[in-house]
Asks: 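The structure's right below; bear with me while I get my questions together.
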Amino acid sequence: MSTQHIVSAFDRDLEGAQAMVLKMAGLVENAMSQAAQAFETNDLELAHKVRGNDKVIDRLDEDIKTNCARILATRSPNASDLRTVLAVMSISSNLERCGDYAKNIAKRTTVLAETRQIDGVPAALRHMQSAVASMLQDVLDAFIKRDVDLAENVRARDYEVDEMYNTLFRSLLTHMMEDTHNITACMHLHFISKNIERMGDHTTSIAEQVIYLVTGEMPDDDRQKSDLISQSKPDELSRT
Amino acid sequence: MDDLRAINNDVESNATKISAKNVQVYYGDTHAIKDVNVEIKEHTVTAFIGPSGCGKSTFLRSINRMNDTIDICRVEGDIRIDGQDIYDRNIDPVQLRARVGMVFQKPNPFPKSIYDNIAYGPKIHGLAKTKADMDEIVEKSLRRGAIWNEVKDRLHAPGTGLSGGQQQRLCIARAIATEPDVLLMDEPCSALDPIATSQVEELIDQLRESYTVVIVTHSMQQAARVSQKTAFFHLGSLVEYGTTDDIFTNPKDSRTESYISGRIG
């Protein structure tokens with residue numbers, strides 16, 4: 001719906017809410033890449049900064065919710081306007097969680113600086129992180145352009161992230177079994193990989209919101225999933 | 001938390017009460033209703049929405065032949081209630097209007113007592129044999145109109161002395177006193193304050209159990225709140241008809257979307 005409302009303040013309200021969520025998305029993208037950078041380069045100062053910046057993301061999330069509640073109360077939006085407000089609220093929650101995961105990665109980076117290195121894992125994590133970062137970038141693009149195909153594409157790509165997580169999980173398990181001194185580092189690395197995997201899930205959820213926003217219907221839950229870890233017994237997992 | 005109505009807004013009945021096929025209404029040369037086809041379900045509140053002059057009231061009035069009273073008005077096509085053609089030669093419009101009650105925008109009680117306002121319809125249709133019968137009809141109607149408790153001690157006071165909201169509920173009670181099947185409401189709350197509006201809306205929801213209700217409203221939120229089905233009229237045509245949930249969250253026609261979201265379209 002590109003035509004304007006008769007009450008122009010309504011247009012400004014809706015545009016404002018969407019601008020806020022995009023601003024928040026920018027901050028989350030930043031937090032994600034900075035957390036990844038801090039982890040890779042062992043930059044504790046940057047990690048500290050990421051942790052501090054999460055407050056700004058949280059506050060924006062609160063502001064967006066307050067703003068959306070005001071729009072619902074005062075404008076009683078219908079149809080695509082209603083879907084816009086609902087999607088913005090939901091996307092804001094997803095982004096807020098992604099911010100928390102970036103903060104958690106930064107926290108663990110500080111701890112990992114004092115543990116031993118685990119070969120190969122940082123490269124795998126980098127690979128995973130860049131896959132999720134590009135998903136997030138595309139989903140925001142899909143949101144701005146109301147592009148269902150691109151949102152569907154992002155949704156499908158979550159499978160790859162899940163696969164990377166499964167592989168990494170097995171590899172961390174092997175490291176832990178080989179040498180128990182690796183356990184502390186591996187546990188933290190596992191949580192980092194799980195955080196990135198969860199960011200992928202939230203990005204997928206944003207993609208679903210974009211589809212709902214445009215079509216009025218949530219996509220069917222028939223997407224390919226690779227959730228082997230949570231269904232497997234311990235002895236199955238160690239068979240790599 | 002026994003009341004899950006807010007999320008359970010489905011249409012419970014699939015039986016068609018009112019069926020309109022290829023309905024055209026003309027005022028002289030003006031083609032006011034253009035080829036409207038609609039099936040209105042039994043025990044359902046159906047809302048007609050649309051901008052002023054779109055024909056929603058005209059169509060509503062053709063359901064109980066109120067348009068007959070306008071000389072230059074001509075209705076073509078087929079309107080059936082329970083399968084019976086209401087424009088059939090053998091149908092007495094007065095009897096039809098006893099079955100298809102109507103409530104108007106402005107409360108219009110007769111300048112008589114509260115009791116006589118209710119008793120008038122049943123009296124002319126011969127529905128009560130004795131005074132006791134009539135007392136029962138009056139009490140039952142006022143109870144169904146959700147106004148009994150407010151007026152039971154002053155049944156012989158003038159109906160015009162009630163507040164606006166009470167007058168409107170009195171008019172609804174009057175409309176249901178003749179045991180109609182269908183209740184037509186033409187903007188029943190537009191002259192009422194928000195509290196009286198809520199009371200009438202609550203009443204409409206209760207009436208759905210016994211009657212088929214069709215309501216014309218300019219308040220989009222009211223249509224969303226009280227109805228299960230919504231029909232959007234524009235320039236004399238029925239543009240979109242569907243469940244209220246669909247119309248208000250995901251309308252199919254861009255004209256519906258423009259109208260309900262307050263856009264210049």
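Below, each value reflects all heavy atoms present in this structure, side chains not excepted, and no hydrogens, waters or symmetry copies. Note on naming: letters A, B, ... go to the chains in the order of the sequence lines (proteins, then strands), and numbering restarts at 1 for each one.
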Asks: Please say whether more than 12 non-hydrogen atoms of neighbouring residues, nucleotides or ligands are located less than 6.0 Å from NE2 in A/H127.
Replies: no
Asks: Hey, is NZ on A/K65 packed in by over 12 heavy atoms from elsewhere, all under 6.0 Å?
Replies: yes
Asks: Should we say atom NZ of B/K252 is surrounded by more than 12 heavy atoms from elsewhere, each under 6.0 Å from it?
Replies: yes
Asks: Does B/E257 reach the main-chain N or O of A/A79 with its side chain, forming a donor-acceptor pair under 3.5 Å?
Replies: no
Asks: How long is the gap from OG1 on A/T215 to CG on B/N250, to the nearest 0.5 Å?
Replies: 7.0 Å
Asks: Return yes when atom CZ of A/F191 has more than 12 non-hydrogen atoms of other residues, nucleotides or ligands closer than 6.0 Å, and no otherwise.
Replies: no
Asks: What's the spacing between B/R263 CZ and A/N78 CG if we round to 0.5 Å?
Replies: 10.5 Å
Asks: Kindly compute the distance separating OG (B/S258) from NE2 (A/H5), expressed to the nearest 0.5 Å.
Replies: 9.0 Å
